[in-house]
Amino acid sequence: MRLALYTGIILAGSYAGLTPALAADPTGDWRVADGVANIRVAQCNGSMWGAVSWEKQPGGRDENNPDVSKKNRPTLGMATLINMKKTAGAEQWEGQVYNAKDGQMYSATITPVGTDQLEIKGCVLGFLCGGETWTRVGPPIPPSTANAMAKSAPKTTGAAPKTAPAHGVAAPAPTTAASKGAAAAKPGQKGAADPVGDICLLPEIAGFAH
């Protein structure tokens, strides 16, 4: 399967429990435009990162990566939004996006639109720009042990990584062994295990930050 940052536009639905105060928060789980994957966005060490948290067709591989050593890596848990920094004076983050369709990095921005849409735009060498709109399927992600310092929040010793709950839940509940991130593995199916968890702990993201 060729998992990618996908083309097309999906009409956004409402997400229960979100308020206008959260409109500028890009964190959470987002359904990509063609519906084949969710991207989990979180703040890690002062930057926004996104990683594949669910696949409609499990078992995808990064087969178009020009780095031969990465061609067989799973697309689940793979970073797609790379080290995105807040734009001064705007509710927008700038960085890079990895497109698994061609194995290339592009300059990109993400911009929250209301509470339940995220616009992503990418350009090649400053031109040939295009974009799409993602739809929220999980609420904003609170600080975790891995990214608390980046959000100026106190660290909690022994705290479990925070993950997004199932679609339609108004707010994240404390993480427990029984309830850990049910939505990311298969949205809408209660009790499904979350194979990704806190993306700030993924080796690709944690290694970049350090």
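One is the number of the first residue; the rest follow in order along the sequence.
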**Prompt:** Does Met105 offer a backbone N or O that forms a donor-acceptor pair with the side chain of Gln96 under 3.5 Å?
**Reply:** no
**Fill in**
Minimal heavy-atom distance between Trp30 and Asp25, with the atoms involved, is CZ2-O, 4.2 Å
**Request:** Identify the heavy atoms of Glu55 and Gly60 that sit nearest to each other, and give their distance.
**Result:** OE1-N, 3.5 Å
**Item:** Nearest heavy-atom neighbours spanning Asp62 and Ala100
**Value:** OD1-CB, 4.0 Å
**Asked** So do the side chains of Pro74 and Arg61 get within less than 4.5 Å of each other, counting heavy atoms only?
**Response** yes
**Request:** List the steps and the verdict of side chain to side chain donor-acceptor pair (under 3.5 Å) for Thr111 and Glu119.
**Result:** CA-CA 5 Å; Thr111 307; Glu119 288 187 350; 5.4 Å; no
**Request:** Decide yes or no on side chain to side chain donor-acceptor pair (under 3.5 Å) for Ser47 and Asn83, but give the supporting numbers first.
**Result:** CA-CA 5 Å; Ser47 300; Asn83 196 34; 2.7 Å; yes
**Prompt:** How far apart are the closest heavy atoms of Val97 and Ala108, and which atoms are they?
**Reply:** CG1-CB, 3.5 Å
**Complete:** When every non-hydrogen atom of Ala79 is compared with those of Tyr98, the smallest separation belongs to O-CB, 4.0 Å
**Request:** Would you indicate whether the side-chain heavy atoms of Ile120 and Met84 approach each other to under 4.5 Å?
**Result:** no
**Message:** Please check: side-chain N/O of Lys85 versus main-chain N/O of Glu94, any donor-acceptor pairing under 3.5 Å?
**Reply:** no
**Asked** Going through the distances and angles, do Glu204 and Lys70 end up as a salt bridge (Lys or Arg N to Asp or Glu O under 4.0 Å)?
**Response** CA-CA 12 Å; Glu204 184 178 358; Lys70 295 182 178 179; 5.6 Å; no
**Prompt:** Taking the side chain as C-beta and beyond, is there a heavy-atom pair between Asn64 and Asp102 under 4.5 Å?
**Reply:** no
**Prompt:** When you look at NZ of Lys121, are more than 12 heavy atoms from neighbouring residues, nucleotides or ligands closer to it than 6.0 Å?
**Reply:** no
**Prompt:** What residue among Leu118, Leu81, Ile141 forms side-chain contact (heavy atoms from CB on, under 4.5 Å) with Pro26?
**Reply:** Leu118
**Prompt:** So do the side chains of Arg31 and Trp54 get within less than 4.5 Å of each other, counting heavy atoms only?
**Reply:** yes
**Message:** Is any side-chain heavy atom of Val124 closer than 4.5 Å to one of Gln104?
**Reply:** no
**Request:** Give a yes or no answer on whether the side chain of Arg136 reaches the backbone of Thr115 with a donor-acceptor pair at less than 3.5 Å.
**Result:** yes
**Asked** Which atom names give the shortest non-hydrogen contact between Ile205 and Cys200, and what distance separates them?
**Response** CG2-CA, 4.2 Å
